[in-house]
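Down below is the structure, laid out as structure tokens.
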Amino acid sequence: MDNIKPRVKVPKSASAGDVITIKTLINHPMESGLRKGKDGNLIPRQIINKFTCEFNGKPVFSCDLEPAISANPYIEFSAKVTEAGTFKFSWLDDDGSVYETENKIAIK
Amino acid sequence: MNLTRRQMLCASVGAAAAGVFGLSLSASATPEATAESIKNFAGGKEPAMGGDLTLTTPEIAENGNTVPVEVSVASPMTDDDYVESVVIYAEGNPNPDVAVFHFTPMSGAAEAKTRMRLAKTQNVVAVAKTSKGQVFMDKKEVKVTIGGCGG
């Protein structure tokens, strides 16, 4: 799908050992597959089914999403920062597309 | 199973209602289906109510399309004692599964927030599993003014 833009809020820097909060949002209709269109037929399901967050290649957090998650899924979680590095976020769509974004964090 | 008179009465009223509203009821998940999923998730263990797990939801959700939900588990989150996963169920939705959060010691804290859809007024259940095999459960009722599953 077009025009899908992930947005992520990560602090620019943190002290080593800090637990930071990460907020993520992606615009996506999260079509549940239960709604009917104008022609009376069901609209096929299309949702983000998995979200993952990695820090320097190591898994930090992941989430399996079901159709019961609202449109434009918002996920907030925390991460422990021990060194400077890069957070990599990815969202997996039902149609096989992967939306990715990266954020760097520095140590104070 | 020994049924008391009151339980019998409830069961028969429920059965009659199910007969009348059979079609509409079959479209939504039942608390039994949720209990089954919890059993599978917990690996046969009986989840301890409350404990270190806190599920936060609004008491009244005006719009069932976006209901904020928050889970947090008090845990040291070290390499040998951390929360592996937290799962959220909505008992009255067409499909009770909402989300599964997978944590690692790198998460620092077992906390997550998201927004979910609720079809009607119902119980929301969260179950947490730690690396030591403990299972916690928390349950909240959310009153929904406008349901959020289309239809």
Side-chain angles (χ1 to χ4, degrees), chain A residues 9 11 14-26 28-38 40 42-43 45 47-83 85 87-88, chain B residues 27-29 34 37 41 56 61 63-73 75-79 82-119 122 124 142 147-151:
Chain A
K9 204 167 188 183
S15 312
D18 267 5
V19 175
I20 57 161
T21 302
I22 299 177
K23 296 175 179 176
T24 72
L25 185 73
I26 186 165
H28 192 282
M30 294 292 279
E31 196 55 65
S32 67
L34 300 168
R35 289 199 315 151
K36 282 178 183 148
K38 279 197 179 115
L42 286 179
I43 306 170
R45 170 184 142 152
I47 64 164
I48 303 268
N49 56 46
K50 184 131 182 105
F51 165 76
T52 58
C53 169
E54 286 179 356
F55 182 62
N56 292 346
K58 282 176 279 182
V60 173
F61 174 86
S62 68
C63 179
D64 304 333
L65 308 175
E66 299 287 339
I69 295 292
S70 306
N72 306 332
Y74 167 82
I75 303 168
E76 184 182 323
F77 57 96
S78 46
K80 195 173 184 177
V81 184
T82 48
E83 52 184 350
F87 282 103
K88 188 179 161 201
Chain B
S28 70
T34 311
S37 308
F41 174 77
T56 314
N63 181 356
N65 263 316
T66 50
V67 183
V69 57
E70 183 182 354
V71 289
S72 76
V73 190
S75 164
M77 295 303 272
T78 54
D79 282 341
Y82 65 97
V83 179
E84 274 178 355
S85 45
V86 177
V87 60
I88 301 175
Y89 298 107
E91 284 184 349
N93 272 6
N95 180 350
D97 299 314
V98 175
V100 191
F101 302 113
H102 303 277
F103 299 99
T104 67
M106 295 267 292
S107 305
E111 288 172 5
K113 260 188 217 175
T114 187
R115 294 172 190 154
M116 65 180 171
R117 291 179 174 136
L118 291 178
Q122 58 181 289
V124 176
V142 184
C149 281

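In what follows, chains are A, B, ... by sequence order, proteins preceding strands, each numbered from 1.
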Looking at side-chain heavy atoms only, is the closest gap between [X] and [Y] below 4.5 Å?
{"X": "A/Ser32", "Y": "B/Arg117", "result": "yes"}
{"X": "A/Asp64", "Y": "A/Asn49", "result": "no"}
{"X": "A/Phe87", "Y": "A/Ile22", "result": "yes"}

Quiz item: Relative to chain A, which of B/Ala99, B/Ala112, B/Gly108, B/Ser107 shows the most heavy atom pairs under 4.5 Å?
Solution: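 Most heavy-atom pairs under 4.5 Å with chain A: B/Ser107.
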
Self-check item: Among B/Met106, B/His102, B/Glu70, B/Met116, residue most engaged with chain A (heavy-atom pairs, under 4.5 Å)
Solution: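 Of B/Met106, B/His102, B/Glu70, B/Met116, B/His102 has the most heavy-atom pairs under 4.5 Å with chain A.
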
Can you tell which of [options] has the highest number of heavy-atom pairs within less than 4.5 Å of chain B?
{"options": "A/Asn72, A/Ile69, A/Val19, A/Leu42", "result": "A/Ile69"}
{"options": "A/Ser62, A/Ala79, A/Cys63, A/Pro67", "result": "A/Ser62"}
{"options": "A/Phe61, A/Phe51, A/Phe77", "result": "A/Phe61"}

Quiz item: Are A/Glu54 and A/Lys58 within salt-bridge range, i.e. N to O under 4.0 Å?
Solution: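 A/Lys58 and A/Glu54: not salt-bridged.
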
Quiz item: So B/Arg115 and B/Val69, side chain to side chain contact (heavy atoms under 4.5 Å, CB included) or not? Walk me through it.
Solution: CA-CA 6 Å; B/Arg115 294 172 190 154; B/Val69 57; over 6 Å; no

